[in-house]
Structure formats: C-alpha cells, structure tokens
Amino acid sequence: MADVADKLAYFQAITGLQDPDLCTEILAAHGWDLELAISSFTSSSNIANQSPPASPSLSAVPSLHRQNDTASSQLSDSEPPPPFPLPPLPGLAWKLIKLPVSVISGSLGLISGAIGFGLWAAGGVLSYSLGFIGIGGGGESSPSPSTPLVSVSVAAVEAMDFVAEFEREYGGPNSRPNFVGEGFMDALQRSRNEFKLLFVYLHSPDHPDTPSFCQRTLCSEALSAFVNENFVAWGGCIRSSEGFKMSNSLKASRFPFCAVVMAATNQRIALLQQIEGPKSPEEMLAILQRVLEESSPVLVAARLEAEERRNNMRLREEQDAAYRAALEADQARERQRREEEERLAREAAEAERKHKEEEEAQERAEQEAAERQAALAKLRQEKAQSLGEEPEKGPDVTQVLVRFPNGERKGRRFKSTATIQTLYDYVDSLDCLEAESYSLVSNFPRVVYGQDKLTLSLEEAGLHPQASLFVEINS
C-alpha cells in the first residue's frame with residue numbers, strides 16, 4: 001500500500017493533476033507502471049505545445065459576435081462549410097474540437113489511428129490543444145499520428161461491453177439512457193444523421209459517487225426518457241481504451257462526467273457542455289434542456305437545409321426523368337418499327353431452329369435408350385456369369401427366395417459363404433426390375449441389408465439355411 005501511495009503522490013507531483021481518482025485510473029490503466037504513465041501523459045502535453053497559440057484573455061478581446069466572425073473567416077479559408085452552422089449561441093461555452101485527418105477513416109469517419117483532438121476557437125473562446133487521445137506504448141517515444149491504436153472492431157466491442165455491463169448493474173433498456181453499442185465516431189456520425197446532439201457519459205466504476213449517480217440520476221425515468229428522445233447517447237468506461245482516451249481528451253478532472261457535443265465539420269466537433277461531479281436528475285434535466293433549447297436553431301437549420309437539398313435533388317431527378325421519358329418516346333416509335341421486322345425474322349429462324357432441335361433430341365433419346373438397354377443387358381449377363389453354377393442342396397447351402405414389387409418370386413441356392421452383394425448381383429441379373437436403386441429386406445424381424453452389410457456372408461447375416469427377402473424400391 002505504501003508503494004501505491006508513493007506512486008500516486010509522485011504522479012500527482014509530476015503531472016500537476018489534483019484529482020486522486022483520475023490519477024489512480026491513469027496509473028491502473030498502465031498497470032501501475034509509473035514511468036509508462038508519466039511518459040504517456042507528457043507525450044500528450046508535448047503534442048499540445050505544438051497547437052496554435054492560445055487566444056487572449058476575455059478582457060482583451062472584442063465582443064462574442066466579433067469572435068465568431070473571426071472564426072467564420074478562418075473556417076471559410078481552410079475548410080468547406082460545416083454540416084451544422086455555428087451561429088453565436090448566448091450562454092453556451094463552445095469549444096471546437098479539431099480532429100486531424102489521420103483520425104478519419106472512410107466515409108463514416110471511424111477511429112482507425114492515433115486520435116488527436118485539438119481544441120480551437122477564435123477570439124476570447126477557449127483555445128488550446130487536447131493533444132493525442134492515444135496512449136504511448138512501452139514508455140518510449142510517443143506514437144506517430146499514423147500508428148494504429150484503436151481499430152473499429154475494438155471500439156465497437158468496448159462500447160457493447162460497456163452497455164452490457166451498465167445494463168447488468170443498473171437495469172434494462174427501459175430504465176436507462178439507450179447508449180449506442182458503437183465507437184465514439186460512429187455515434188457522432190449517427191447524431192449528425194439524426195440531427196441530434198450527442199450525450200457523452202464517461203463511467204468511472206471505482207469512483208464513490210458513480211453508483212448513486214447512475215441509479216438515481218442517469219436511470220431516473222424522467223432523465224432517461226428525455227435523453228433517449230432528444231439525444232444520441234454514447235457511454236464509455238475509462239478503464240477501456242477509448243473511454244480512457246476520451247477522458248484525457250475532454251480533460252475530465254472530476255467524476256461522474258457527462259458532456260454534450262455536436263458534429264461541426266468533418267474534422268471537428270463542438271463541445272457544448274461539460275457536467276462534472278454528482279448531479280440530481282432535476283439539475284441534469286435543467287442543464288440538458290438549456291443546452292437543447294440554445295442549440296435548437298442550429299439543429300433546425302441543419303434539418304431544413306438537408307430537407308431543402310433533398311427537395312432540390314428530387315426536383316432535378318423529376319426533371320431528368322421527364323426529359324428522358326420524352327426522349328424515349330421519340331425513340332420508341334422508330335424502335336418499334338425495327339423491332340417488328342426483327343421479330344418476324346427471329347420467329348421464322350426460331351421455328352426452324354426448334355424443329356431441328358426436336359429432331360436431334362429425338363434421335364439422341366432413341367440412341368441413349370438403345371445404349372442403356374444394351375448396357376443393362378450386358379450388366380445382367382456379366383452378373384449372371386459371376387454367380388457361377390447353382391450349388392446342390394447341402395448343409396453349407398442356403399435357399400433364398402426373393403419377392404419383387406410386381407408379385408413375382410424368384411428363388412435360388414447359394415453357398416452359405418456367399419456375401420449379401422451376391423444376392424444383389426442375382427437380382428440385377430434377372431429381368432424383373434427396372435428400378436436402379438433398391439434394398440433387400442427381410443420381414444420378421446425387419447432387417448434392411450443395405451450398403452453396410454454387403455460384405456457379410458449369408459451365414460453371418462443370419463440368412464442360413466434359408467431366407468425370404470423382398471425388394472424395396474428406394475425413394
């Protein structure tokens with residue numbers, strides 16, 4: 001215990017973090033390897049030092065409207081318009097969190113490499129870099145931006161594990177926020193597609209306030225219903241890879257920790273609200289309602305813009321369809337004339353071809369039937385010759401009677417050492433059966449002498465000294 005306390009105190013002194021619970025989680029995530037934990041923390045700090053310089057203090061900058069004008073000009077020079085417009089929202093402490101290009105993988109923007117969130121804002125809005133979310137390995141140099149840290153499958157599995165664990169601990173889906181079972185970037189994309197804000201909950205299982213917060217606040221009927229109706233909810237345990245990285249990125253210094261974010265551009269998210277420490281359901285509802293009300297103009301504008309794009313696209317498609325219909329109508333008349341001529345020619349050729357094919361098919365069928373009959377006759381002859389002479393009656397001779405489906409009976413004597421296969425050869429040598437697949441069966445008791453008994457002798461099969469079998473056609 002003394003060693004753990006010493007490591008905790010040393011880590012706090014080196015990093016400057018004051019929250020002992022957060023420091024404990026970081027050290028535990030690195031297996032209490034002090035050197036590795038400090039290396040990962042300091043590597044994130046070094047990356048943060050390379051971010052753009054911080055904005056001046058609030059007292060030294062113009063009004064908020066001028067700050068947002070500056071931000072808009074910077075965005076227009078370097079990037080396409082964001083999916084959600086970002087007008088000045090009074091009362092919201094916006095932070096634009098920038099995701100480097102290396103974070104985006106494919107059209108969905110899935111996390112596939114070292115993830116760097118850089119906080120950016122113009123004027124007096126908070127400006128700093130969150131550094132790399134990824135954790136450096138082995139206590140050596142920090143990973144390069146292209147080094148894969150969290151694969152899509154791992155992020156999704158971690159999210160599903162969190163949802164399952166939360167449900168086991170605090171109740172089913174009807175009494176809690178419906179956390180999506182997918183990675184953070186997938187959840188962000190989902191919120192963008194649904195024109196909703198993303199509610200983020202970072203779960204610290206060892207924090208003393210966590211159980212009561214989850215049971216009384218997150219799982220309260222009013223709050224969970226409000227979140228499920230108005231937000232896309234994503235949760236992550238800070239013991240997991242992505243949850244731990246998100247806690248570092250969002251600078252979570254106190255738990256329980258919740259946040260509300262919104263997609264801003266392909267490489268940025270807007271951090272609208274951080275909620276740290278235990279809160280009652282009423283306090284959470286008040287905060288979330290305020291954020292939702294102040295963000296609703298942005299969401300409504302984005303939804304209307306998307307609807308307008310869909311309407312314009314539908315109108316263009318309808319106009320294109322009308323033009324194509326008119327063009328096709330003109331071409332159809334000429335095509336019908338040519339097709340009629342071609343149809344008559346094809347019908348004549350088809351009739352001649354069918355007549356020729358019928359004649360050839362009939363000839364082939366007659367030839368094949370003749371060949372089958374010849375082959376069957378030859379097979380019967382060969383099997384009859386393989387039977388040899390019928391033995392005289394004696395103690396080692398078995399009398400066998402075979403009944404056919406048409407009622408006909410045939411009998412013959414065989415040596416008791418002859419095999420069941422010999423009986424099948426005998427039946428095949430007779431011109432009494434047209435079926436190719438059949439079985440020899442005894443009635444009392446009923447025994448089917450199938451493929452598994454072909455090598456048994458008549459005596460071994462219990463058919464000596466006499467037996468009565470019938471032919472059963474296989475379906």
Side-chain angles (χ1 to χ4, degrees), residues 68-69 71-89 96 98-99 101-112 152 156 178 180-183 185-198 228-232 261-270 292 295-361:
N68 286 308
D69 292 340
S72 300
S73 64
Q74 293 183 7
L75 284 172
S76 62
D77 292 340
S78 58
E79 298 182 351
F84 293 153
L86 303 178
L89 298 180
L96 293 185
K98 184 174 182 179
L99 289 76
V101 177
S102 60
V103 175
I104 309 303
S105 174
S107 61
L108 294 181
L110 305 178
I111 298 179
S112 64
V152 174
N178 293 331
V180 294
E182 54 196 22
M185 292 303 294
D186 284 334
L188 188 66
Q189 183 68 32
R190 179 189 293 270
S191 69
R192 173 187 294 175
N193 295 339
E194 297 179 8
F195 301 100
K196 292 183 177 182
L197 303 180
L198 180 63
N228 293 337
E229 181 178 357
N230 298 285
F231 297 84
V232 172
V261 301
M262 180 176 70
T265 68
N266 289 335
Q267 298 184 33
R268 289 178 180 174
I269 61 172
L292 189 63
S295 303
S296 60
V298 178
L299 301 176
V300 171
R303 187 180 292 107
L304 293 177
E305 182 182 350
E307 183 65 27
E308 183 179 0
R309 286 197 301 269
R310 285 194 295 268
N311 291 336
N312 291 337
M313 183 177 298
R314 184 164 55 250
L315 178 61
R316 286 195 298 270
E317 290 175 353
E318 291 173 356
Q319 292 173 343
D320 292 343
Y323 172 77
R324 288 194 299 269
L327 181 61
E328 289 173 358
D330 293 338
Q331 296 171 344
R333 289 186 289 271
E334 178 65 19
R335 197 163 51 242
Q336 287 176 356
R337 184 187 63 80
R338 293 196 306 267
E339 288 176 353
E340 181 64 18
E341 296 176 354
E342 293 172 356
R343 182 183 64 81
L344 295 176
R346 284 197 305 271
E347 288 178 354
E350 183 70 12
E352 182 179 357
R353 182 185 63 80
K354 286 184 177 179
H355 180 69
K356 185 176 180 180
E357 287 180 351
E358 289 174 357
E359 290 181 346
E360 293 176 350

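Counting from 1, the numbers follow the sequence of the chain as shown.
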Could you grab the distance from atom [atom1] of [X] to atom [atom2] of [Y], nearest 0.5 Å is fine?
X: Glu358; Y: Arg353; atom1: CD; atom2: CZ; answer: 10.0 Å
X: Glu357; Y: Glu350; atom1: CD; atom2: CD; answer: 7.5 Å
X: Leu299; Y: Leu197; atom1: CG; atom2: CG; answer: 5.0 Å
X: Arg190; Y: Leu198; atom1: CZ; atom2: CG; answer: 10.5 Å
X: Ser296; Y: Asn230; atom1: OG; atom2: CG; answer: 10.5 Å
X: Gln189; Y: Met185; atom1: CD; atom2: CE; answer: 8.0 Å

Is any NZ, NE, NH1 or NH2 atom of the basic residue among [X] and [Y] found under 4.0 Å from an Asp or Glu carboxylate oxygen of the other?
X: Glu359; Y: Lys356; result: no
X: Arg303; Y: Glu307; result: no
X: Arg309; Y: Glu305; result: yes
X: Arg338; Y: Glu342; result: no
X: Glu334; Y: Arg337; result: yes

What are the two closest heavy atoms between [X] and [Y], and how far apart are they?
X: Asp330; Y: Arg333; value: OD1-NH2, 3.0 Å
X: Asn228; Y: Lys196; value: O-NZ, 4.1 Å
X: Ala306; Y: Phe195; value: CB-CZ, 3.4 Å
X: Val232; Y: Ala187; value: CG1-O, 4.0 Å

- By side chain to side chain donor-acceptor pair (under 3.5 Å) - contacts of Asn311 (at least two apart): Arg314
- Task: Take atom CD of Glu360 as the centre, draw a 6.0 Å sphere, and report whether it contains more than 12 heavy atoms from other residues, nucleotides or ligands.
- Result: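 Above 12, so yes.
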